[in-house]
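See below for the structure under consideration.
All chains are named by letter (A, B, ...) in the order of the sequence lines, taking the proteins before the strands, and each is independently numbered beginning at 1. Note that the structure is a prediction, hence the values are computed from the model and not measured.
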Number of protein chains: 2
Amino acid sequence: MTTRQRILDASLALFNEQGERNVSTNHIAAHLEISPGNLYYHFKNKQAIIFELAMSYQQRVLTVLEVPEERALTVTDKITYLQGILSGLWDYRFIHRDMEHLLAADDQLKSHYQAFFRQCLQRVVAIYRGLRTAGIIALNDDDLNSLALNTWIVVTSWISFLRTHLLAQGGQPENMLQLQGGVYQVFALERPFLTEAFRDEVVALQQAFAPRPQWLHSLF
Amino acid sequence: MTTRQRILDASLALFNEQGERNVSTNHIAAHLEISPGNLYYHFKNKQAIIFELAMSYQQRVLTVLEVPEERALTVTDKITYLQGILSGLWDYRFIHRDMEHLLAADDQLKSHYQAFFRQCLQRVVAIYRGLRTAGIIALNDDDLNSLALNTWIVVTSWISFLRTHLLAQGGQPENMLQLQGGVYQVFALERPFLTEAFRDEVVALQQAFAPRPQWLHSLF
DNA sequence: GACGCTTTAGAGTAATCACTCTAATAATGG
DNA sequence: CCATTATTAGAGTGATTACTCTAAAGCGTC
């Protein structure tokens, strides 16, 4: 693997674990046992590393959100989408931790991200339209748009919600289970719009993602 | 006003405007035209300032979320709650920008915050129970719990959503209007649970908070 | 094996950070 | 008016930051 790629991988891992704020370029170099000069030979500054990671993240998410045109959507599709997005968010979780800072520090990243968000929202809308066409949910366009936006907000906030409100240290195994709770939570958004024909089936599926009692009951 | 209070006020203003990360204790002192030594006479470190601001924030939110016991809830109550919370979140918006960092840096704040969150969630649940008792919404306990959690997530993420996805510079006047969009968005969460008796009334009310076309249509 | 290009090491730098120390000044109370 | 205490100024500190510079090492090719 090239040094350049090793820098990206190490940066991503360290940013995720400790937060971008707490990881300096010197830390990254030391972790890789290379010199700071070497790091700066491959990237002109820290922003450039972040920018590249953010591009990978966006590509990952957009790939997950592709909408099949030739066939109708199924309930399983929806789960696949959610799991894909949640695992993408997890793998790049440093990005949503203080995105305001990342965007404020890099105009190029900001415009890229805002375009990316529009694309995402359009695809989420398209997915819900697909579910409506498939007869799985029933709602008007206003409700659908609001649902799409609320879904986006809940999904993208879910990880930081977990990390701030629940388990203290960011142990991965524990959180991976809780991560699935995001699926449950989004299903709860859609549930009232389910058609009678699909309600029982979907609700049964949702239960598979029900948060484990040990932390759910500690909430309510 | 005491120097101590002036430090708190200036810190809050600067943290909100520039982000806690970008505001050093030296900045705060310089802004107040006092010496760093003076600042550290009143607060033992930066964390202590943040901690105190976080306590004010929590008290503000809990005060807003008080549930009247002697009377039934009305639709107007709900709007009052939402506006109160949103304006509280706005006035302390630095807190939700990188809360993970704030909590990781201060164990005391972390335990306070987690207890605070539980209290908030319980009150949101109580409010929805009140609306159910008043016959405004109809749902079972599972749906109600999920709705409460989703409401909390959407409300607390709304401001950072606005600041990252929409208008670039954080101009207050523009954002104050958009801030109200959060009310609309939460109403959208509840809308499918409205009883027939109240649906038309509430939906009409919701329209008053509909986001202005100039940025809504840019989204979809 | 000499040349040129890419990659690397590592010392160094100016700026900034949170915070400390000492001493001067103001306020207070007897 | 004096003694004590509370408040303030301001210089300074060691650590850390993002990043630069120079020179050396690899390495492919003729």
Output side-chain donor-acceptor pairs under 3.5 Å for residues 81-89 of chain B, partner residues at least two apart or in another chain, one line each.
from: Tyr81(B); atom 1: OH; to: Glu66(B); atom 2: O; distance (Å): 2.8
from: Gln83(B); atom 1: NE2; to: Gln180(B); atom 2: OE1; distance (Å): 3.2
from: Ser87(B); atom 1: OG; to: Arg60(B); atom 2: NH2; distance (Å): 3.3
from: Ser87(B); atom 1: OG; to: Gly84(B); atom 2: O; distance (Å): 3.3

- Item | Integer-rounded Å distance: dT16(C) P and Gln18(B) CD | 14 Å
- For the pair Phe116(B) and Trp152(B), name the ring-plane relationship: parallel under 30°, tilted 30 to 60°, perpendicular over 60°. perpendicular
- Task: Produce a footprint string for nucleotides 6-18 of chain D: one letter per nucleotide, 5' end first; B if the base is under 4.0 Å from any protein heavy atom, S if only the sugar-phosphate is, - if neither.
- Result: SBBBB------SB
- Query: Taking atom types as modelled and ignoring hydrogens, do the side chains of Tyr113(B) and Thr164(A) form a donor-acceptor contact shorter than 3.5 angstrom?
  - Reply: no
- Task: Verify the distance criterion only: is there a donor paired with an acceptor across the side chains of Tyr128(A) and Thr151(A) at less than 3.5 Å?
- Result: yes
- Task: Would you mind reading off the distance between Leu14(B) atom CG and dC17(C) atom P, rounded to a whole angstrom?
- Result: 12 Å
- Query: Quick one: salt bridge (charged side-chain N to carboxylate O under 4.0 Å, His left out) partners of Arg21(A), sequence neighbours excluded?
  - Reply: Glu20(B)
